[in-house]
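Notes to accompany the following structure.
Values below: every heavy atom of this structure, side chains too, minus hydrogens, waters and symmetry copies. What you see is a predicted model; the values in this text were computed from it and never measured.
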Amino acid sequence: MKQIEWRAFPYGDRVYRYTGSSLEAHWSVLHSGDREAFPDAQRLADQLERCGPGLSTDADPNNLAEMLQSAWRDYHAGDFCAAMTTGQAAGPIGAVVAGRAAIAYAMHLESDPERVLTLLCDTASHCERLSQIDPGWANVWYTHALALARYSQQISVVKALGRGLGGKVRQSLMIAIALEPDHAAAHAALGGYHIEVVDKVGSVVGRLTHGASRALGLRHFERAIVLDPDSPSIRIAYANALSMNRRSRKSVAIERNMSAAAMCRPLDAIAHLDADRARTLLEGVGV
């Protein structure tokens, strides 16, 4: 990707900077929605032994742990450029943190549509490569699906379905959930897939051609909220999904979920940006 001018997280990267041991201490809360394992040296050594040398540019688990922890610190702090750069420098194993940073930046801070598409497309490609090396890593599949889903929304869902991207999104999310049944973010993303497909092509075509069902989508969202009730991104996605039903566009459930997102206490930059977005959406509809 050509060099771009990266916009900074508007609140400064020190607000959510987890230094030293604080990253590991807060890890379970920061990753309650995706169940990502903390990248310590022992886990990485086991992963390298299982997957082979093609997984990383650095065979030393201690060095690799430092790199990935640094990338995740940057990601949570909102320094998405640094997170992506460090993740990519680690080799294929860094595709998850680099990809999550690229998606977050593309969706929240980048204003150039062409750059957005490039970031999302590159992320999907890197994760597809990593999925071939380590197919048992749930967040590889989730990040791959998330990048393709956001790409699809940018070019239009109908056009993406015609290109077969919808099936890839659905398959990757189903694999992620099969590997990690309590992956709240994957449940929410799969719920969004089902409901958005039905909204765009109708219930009959959605079910027969794309395996999509509004009822199933709502069940995935309900499961996601049980698993991670404080996630502003899941609450926003659920509210948006509910609004696609003309009969419930002004329902109490939509307002309740959007308000929950707006009032969350963010623990990292992504949650802060999501909460800001929820407040903007609420102001826009006069709630």
Side-chain angles (χ1 to χ4, degrees), residues 1-41 43-44 47 55-58 63-112 115-127 129-130 134 137-140 142-147 150-151 185 231-233 266-274 276:
M1 185 180 69
K2 64 182 180 181
Q3 188 67 32
I4 67 174
E5 290 284 337
W6 287 77
R7 295 177 62 193
F9 175 61
Y11 304 100
D13 76 348
R14 306 306 300 178
V15 180
Y16 301 109
R17 177 67 62 177
Y18 291 93
T19 59
S21 62
S22 66
L23 179 65
E24 185 173 9
H26 290 86
W27 187 267
S28 62
V29 178
L30 290 169
H31 291 270
S32 59
D34 65 15
R35 311 283 290 182
E36 178 70 0
F38 183 73
D40 59 42
R43 186 183 75 81
L44 294 172
Q47 195 173 6
L55 190 63
S56 176
T57 57
D58 192 334
N63 292 338
L64 194 56
E66 289 182 8
M67 290 181 70
L68 294 180
Q69 289 170 25
S70 176
W72 281 113
R73 290 182 210 279
D74 290 329
Y75 168 81
H76 289 300
D79 190 349
F80 302 122
C81 178
M84 193 170 118
T85 300
T86 304
Q88 290 177 341
I93 198 172
V96 169
V97 62
R100 294 283 291 279
I103 294 169
Y105 180 79
M107 294 295 95
H108 287 288
L109 298 176
E110 181 53 67
S111 58
D112 186 318
R115 291 172 180 168
V116 169
L117 292 179
T118 300
L119 286 164
L120 297 174
C121 189
D122 287 350
T123 294
S125 297
H126 294 321
C127 287
R129 179 188 175 197
L130 180 54
D134 190 356
W137 189 352
N139 275 309
V140 176
Y142 167 68
T143 307
H144 175 257
L146 187 62
R150 296 293 181 259
Y151 182 90
S231 168
S233 65
L267 295 177
D268 71 355
I270 306 301
H272 195 134
L273 292 170
D274 282 328
D276 279 356

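- Environment of CZ in R129: sparse, with no more than 12 heavy atoms of neighbouring residues, nucleotides or ligands closer than 6.0 Å.
- Evaluation of the side-chain contact (heavy atoms from CB on, under 4.5 Å) rule for R17 yields D13, R14, T19, R73, D74, A77, D79 as partners, not counting sequence neighbours.
- Contacts classified as salt bridge (charged side-chain N to carboxylate O under 4.0 Å, His left out) and involving residues 92-101 (residues at least two apart or in different chains) are given here: D34-R100.
- Of all heavy-atom pairs spanning A41 and A65, the tightest one is N-CB, 3.8 Å.
- For A147 against T123, the heavy-atom pair with the smallest separation is CB-CG2, 3.7 Å.
- With rounding to the nearest 0.5 Å, the separation of OG in S28 from CZ in R35 is 9.5 Å.
- Looking only at side-chain heavy atoms (C-beta outward), I103 and L119 stay at 4.5 Å or farther from each other.
- Residues P10 and L109 share a closest heavy-atom pair of CD-CD2, 4.1 Å.
- With rounding to the nearest 0.5 angstrom, the CG atom of L68 is 7.5 Å from the OG atom of S56.
- For the atom pair T118 OG1 and Y151 OH, the distance stands at 8.5 Å (nearest 0.5 Å).
- Applying the ring pair (Phe, Tyr, Trp, His ring centres under 6.0 Å) criterion to H108, with sequence neighbours excluded, gives no partner residue.
- Qualifying ring pair (Phe, Tyr, Trp, His ring centres under 6.0 Å) partners for Y142, counting only residues two or more places apart in sequence or in other chains: H183.
- Residues A89 and M67 share a closest heavy-atom pair of C-CE, 3.6 Å.
- Separating the CD atom in Q47 from the CG atom in L64 is a distance of 8.0 Å, to the nearest 0.5 Å.
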Next on the checklist: As a quick check of understanding, evaluate side-chain contact (heavy atoms from CB on, under 4.5 Å) for Q88 and H126, giving each step before the final call.
Outcome noted: CA-CA 9 Å; Q88 290 177 341; H126 294 321; 4.1 Å; yes
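- Taking Y18 as the reference, H26 meet the ring pair (Phe, Tyr, Trp, His ring centres under 6.0 Å) condition, with sequence neighbours excluded.
- Heavy atoms only, all atoms of each residue included: C127 and V140 are closest at O-CG1, 3.3 Å.
- For the atom pair L117 CG and E110 CD, the distance stands at 10.5 Å (nearest 0.5 Å).
- Minimum heavy-atom separation, Y105 to R7: OH-N, 2.7 Å.
- Using a 4.5 Å cut-off on side-chain heavy atoms (C-beta onward), I270 and F80 make contact.
- Here CG of L55 is found 8.5 Å from CG of L44. Values are rounded to the nearest 0.5 Å.
- D276 is listed as a side-chain neighbour of Y11, based on a closest heavy-atom distance under 4.5 Å.
- For the ring pair (Phe, Tyr, Trp, His ring centres under 6.0 Å) test, residues two or more places apart in sequence or in another chain that qualify with W72 are W27, H31, Y75, H76.
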